[in-house]
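In what follows, a single structure is set out as structure tokens and then discussed.
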Protein chains: 2
Amino acid sequence: MNIGEIAKRAGVSRSTVSYALSGKRPVSTATARRINEVIDQLGYRPNASARALAEGRTRTLSLVIPPAGRRLTDVQLGFVASVVEAAATYDLDVLLSPSGGDHDRSFERIVTGRRVDGVILMEILLEDARVARLEQAALPFVTIGHVERPGASWWVDVDYEALIRRCVHHLADLGHEHVVLVSRSDELVAAGYGPALRATAGFLDVAEQRGLTGHVVCCADEPGAGQACFEEIRRNRPEVTALVTINEAALPGLQRALHHSGLHVPRDLSITGVIAKRLAEDFSPPLTAADVPAEEMARLAVDLLVERIADPDATSRHALLEPVVSLRSSTGARPR
Amino acid sequence: MNIGEIAKRAGVSRSTVSYALSGKRPVSTATARRINEVIDQLGYRPNASARALAEGRTRTLSLVIPPAGRRLTDVQLGFVASVVEAAATYDLDVLLSPSGGDHDRSFERIVTGRRVDGVILMEILLEDARVARLEQAALPFVTIGHVERPGASWWVDVDYEALIRRCVHHLADLGHEHVVLVSRSDELVAAGYGPALRATAGFLDVAEQRGLTGHVVCCADEPGAGQACFEEIRRNRPEVTALVTINEAALPGLQRALHHSGLHVPRDLSITGVIAKRLAEDFSPPLTAADVPAEEMARLAVDLLVERIADPDATSRHALLEPVVSLRSSTGARPR
DNA sequence: GCCGGCCATCGAATCGATTCGACGGCCGGA
DNA sequence: TCCGGCCGTCGAATCGATTCGATGGCCGGC
């Protein structure tokens with residue numbers, strides 16, 4: 001059931017069928033109608049592989065996600081779904097490829113095998129081998145998160161530093177004097193994970209500026225670690241009255257630890273940070289936090305990628321989102 | 001940089017390069033070495049589209065997920081990641097396609113366009129148009145969840161009914177007399193969502209058998225609904241001392257409602273159900289529950305699908321998993 | 001020394017589309 | 001009436017692989 005079959009039944013040549021379908025050359029209305037009847041009747045649709053070969057493009061994007069071992073956070077999950085949805089509006093399919101380190105088989109397969117027209121890269125590091133690989137292969141790509149570097153690049157990111165600054169200012173305004181930033185895992189930070197580094201920079205800077213004592217602790221991306229981390233903070237720094245967190249995966253553990261400690265939020269302790277809206281709302285009490293706009297980022301990333309694919313030589317573009325900090329009920333005046 | 005280029009540089013024909021790569025015909029060691037040198041030097045890899053066209057297979061699977069509008073639950077998320085990982089061990093890529101109702105563009109594009117070699121269908125309904133569509137298109141597929149029907153079909157599922165039966169027996173053993181099943185959303189149940197229907201059947205059956213009064217309530221798949229649902233149960237059926245839930249998405253709301261109510265689990269109320277391990281562990285207190293083995297299901301689904309692709313005429317196979325109910329600390333003797 | 005057979009390799013067909021150049025027919029203008 | 005141009009259609013080349021049948025050369029056996 002290929003284009004030849006349709007052509008035969010409609011009594012025309014294969015090229016005419018192709019033109020009737022694509023509209024790239026005029027076809028008489030009578031012929032077009034006949035062709036469309038046959039197509040509807042047989043339920044024909046062009047073979048994707050053949051079309052990809054002939055056109056030189058696959059109508060497919062690749063979304064490179066962190067490897068399955070490390071759990072996706074809630075934000076990342078929403079992001080994946082939104083990318084698929086955004087791509088669908090362009091009639092593009094999305095290939096999911098896990099990739100952690102430098103390069104694994106599936107990443108290499110996609111890049112060298114020309115399986116896709118473009119790539120969206122999640123959770124990039126400051127020095128990321130995959131970025132270099134994509135540039136070398138001349139495959140259009142957009143990164144989620146950006147690297148500090150003059151070179152032209154296409155990316156979408158959340159301004160972690162600005163958001164964390166706002167959070168710390170907010171706490172300072174409320175009178176807090178001893179604050180802690182709960183960052184991501186040691187390994188991620190050591191590997192040069194941008195958001196964590198920039199959050200730290202912003203945190204320490206504002207803390208100093210406002211005369212607060214600020215400490216940063218790394219916490220593995222899992223609930224157990226969140227619990228342990230909280231308990232350690234209570235033990236080692238009992239003077240701390242406010243937490244700023246960028247570690248979503250650790251939140252359930254924090255919640256549990258809070259529960260056990262008997263502390264009241266925000267009377268005894270204030271909590272804020274950069275957190276997916278859903279997670280912030282589901283916390284008890286709901287967290288005052290900067291809501292990461294995953295859907296918007298996904299939409300923008302796909303838009304940018306489509307644009308770059310259409311014109312690979314266009315000057316690079318990017319978007320730095322700075323969502324609002326939503327006041328909920330987890331922050332309050334310094335106790336006593 | 002195609003196979004012809006490699007052939008030219010190695011001084012052989014294109015077919016010889018192909019055979020050297022695939023090993024489907026012998027190639028002299030000297031020639032093979034020369035070819036491999038050129039390939040390594042140029043970093044050549046066969047064009048995926050051309051190969052797909054020639055071979056008649058794409059080396060790609062499609063994973064059909066619920067539409068983005070409805071959030072993926074935690075189990076489903078883990079499942080997606082695990083499918084990708086399992087497929088990678090076969091050197092297969094995974095195309096993500098959201099599809100809810102009968103058929104949308106991307107689902108139809110994938111099926112008719114022969115974009116993939118096989119399909120994994122999540123969250124199927126008892127009467128699912130997509131199943132019929134795939135059968136008609138003769139595209140191999142495996143469903144997550146199964147339909148009651150004599151016809152041959154390939155699927156992987158969790159035995160919700162058996163698990164719920166166990167949960168109710170467990171509660172009956174502890175002396176509970178009034179129990180409620182928190183099911184999935186009205187719409188899903190009305191649409192004929194198998195796990196919810198089977199859970200209900202098992203729940204009511206055992207309740208009757210053990211002389212309990214059992215009620216079933218539907219709850220939308222979101223935290224807010226979980227909270228409202230809990231409050232309604234407390235108001236309308238204060239005699240209830242135990243909850244069985246299969247609604248993971250509503251758990252955060254349940255947690256919040258519990259917190260507000262001041263009830264102690266399990267002293268005042270027992271909670272159990274079928275819940276992803278991670279969610280059960282992150283609840284406070286950790287839930288006694290049947291852990292849905294998402295990774296194992298994903299692995300099995302991919303294995304089955306690969307098998308079916310290799311031999312489309314093989315007799316159908318399936319797997320009905322019955323994970324253990326893990327005793328944690330959310331169930332206890334009936335109060336008073 | 002000749003012949004049969006096997007091993008390695010080649011050339012050509014094939015997969016199913018897109019796209020370009022060419023061609024035929026019809027219409028209108030001179 | 002003849003000719004130029006445009007509209008619609010066709011045939012063939014192309015994309016980059018796989019695969020089948022054929023062929024050439026070398027070796028061993030008689």
Side-chain angles (χ1 to χ4, degrees), chain A residues 1-36 38-39 42-60 91 93 109-117 137 139, chain B residues 1-36 38-39 42-60 91 93 109-117 137 139:
Chain A
M1 204 170 317
N2 53 19
I3 199 173
E5 183 68 22
I6 304 294
K8 198 189 301 172
R9 301 208 187 198
V12 296
S13 74
R14 302 185 320 174
S15 49
T16 303
V17 175
S18 179
Y19 288 126
L21 239 43
S22 69
K24 295 191 178 174
R25 278 198 193 177
V27 169
S28 76
T29 51
T31 309
R33 192 166 39 75
R34 203 147 27 94
I35 291 174
N36 283 324
V38 176
I39 286 179
L42 268 67
Y44 163 81
R45 195 165 301 231
N47 178 298
S49 305
R51 170 182 285 212
L53 177 57
E55 284 188 320
R57 61 177 181 142
T58 60
R59 297 166 186 265
T60 305
D91 278 338
D93 287 315
R109 187 169 57 226
I110 281 165
V111 175
T112 330
R114 299 266 135 194
R115 291 220 57 162
V116 298
D117 299 333
L139 196 56
Chain B
M1 204 172 314
N2 53 20
I3 199 174
E5 184 68 21
I6 304 294
K8 197 190 302 173
R9 300 209 188 197
V12 296
S13 74
R14 301 186 320 175
S15 49
T16 303
V17 175
S18 179
Y19 288 126
L21 238 43
S22 68
K24 296 190 178 174
R25 280 197 194 176
V27 169
S28 75
T29 52
T31 309
R33 193 165 39 72
R34 202 145 30 92
I35 291 174
N36 283 324
V38 176
I39 286 178
L42 267 67
Y44 163 79
R45 195 166 301 231
N47 178 298
S49 305
R51 169 182 285 211
L53 177 58
E55 285 188 320
R57 61 178 182 140
T58 59
R59 297 165 186 267
T60 306
D91 277 339
D93 287 315
R109 187 169 57 226
I110 281 164
V111 175
T112 327
R114 299 267 134 194
R115 289 220 59 165
V116 298
D117 299 333
L139 197 56

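Quick note: numbers below take in every heavy atom, side chains included, and nothing from hydrogens, waters or symmetry partners.
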A:Ser49 near the nucleic acid: base, sugar-phosphate alone, or nothing, with a heavy-atom cut-off under 4.0 Å? nothing

Establish, with yes or no, whether the OP1 or OP2 oxygen of D:dG16 is under 4.0 angstrom from a side-chain nitrogen or oxygen of B:Asn47. no

Closest non-hydrogen atoms of B:Leu139 and B:Val116, given as atom of the first, atom of the second and distance, are CD1-O, 3.6 Å

A:Arg25 meets the side-chain contact (heavy atoms from CB on, under 4.5 Å) criterion, sequence neighbours left out, with A:Tyr19

Side-chain atoms of A:Ser13 come closest, of D:dA17, D:dC10, C:dG11, to D:dC10

Rounded to whole Å, the NZ-C1' distance (B:Lys8 to D:dG16) equals 14 Å

Residues passing the side-chain contact (heavy atoms from CB on, under 4.5 Å) test with B:Thr31, sequence neighbours excluded, are B:Val12, B:Thr16, B:Val27, B:Ser28, B:Arg34, B:Ile35

A:Arg33 atom CZ is separated from D:dG8 atom C1', nearest whole Å, by 16 Å

Residues at least two apart in sequence or cross-chain that pass side chain to side chain donor-acceptor pair (under 3.5 Å) with B:Arg14, listed by chain then number, are none

By side-chain contact (heavy atoms from CB on, under 4.5 Å), B:Leu53 pairs with (sequence neighbours left out) A:Ser49, A:Ala50, A:Leu53

Residue set satisfying side chain to side chain donor-acceptor pair (under 3.5 Å) with A:Asn47, at least two apart, ordered chain then number -> none

For C:dC7 and B:Ser28 - does any side-chain N or O of the residue sit under 4.0 Å from the phosphate oxygens OP1/OP2? no

Applying side chain to side chain donor-acceptor pair (under 3.5 Å) to A:Thr112 and not counting sequence neighbours gives A:Glu108, A:Arg133

side-chain contact (heavy atoms from CB on, under 4.5 Å) filter on B:Lys8, not counting sequence neighbours, yields B:Glu5

Rounded to 10°, the angle between the first-five-pair and last-five-pair axes of the helix from C:dG1-D:dC30 to C:dA30-D:dT1 is 60°

From CE of A:Met1 across to P of C:dC15 the rounded distance in Å is 15 Å

Between CZ of B:Arg57 and C1' of D:dA17 the distance, given in whole Å, is 13 Å

Distances under 3.5 Å between protein N/O atoms and the N/O atoms of nucleotides 18-20 of chain C, please, pair by pair.
unit_1	atom_1	unit_2	atom_2	d
C:dT18	OP1	A:Arg51	NH2	3.4
C:dT18	OP2	A:Ser18	OG	2.6
C:dT19	OP2	A:Lys24	NZ	2.9
C:dC20	N4	A:Tyr19	OH	2.7

For B:Arg59 and A:Arg115 the tightest heavy-atom approach is O-NH1, 3.6 Å

When rounded to whole Å, the CZ to C1' distance for the pair B:Arg114 and C:dA17 reads 16 Å

note: A:Ile6, atom CD1; C:dA17, atom P; distance rounded to Å ~ 9 Å

B:Arg34 CZ to C:dA8 P, in whole Å, measures 14 Å

In whole angstroms, the gap separating C1' of D:dC15 from CG of A:Leu53 amounts to 4 Å

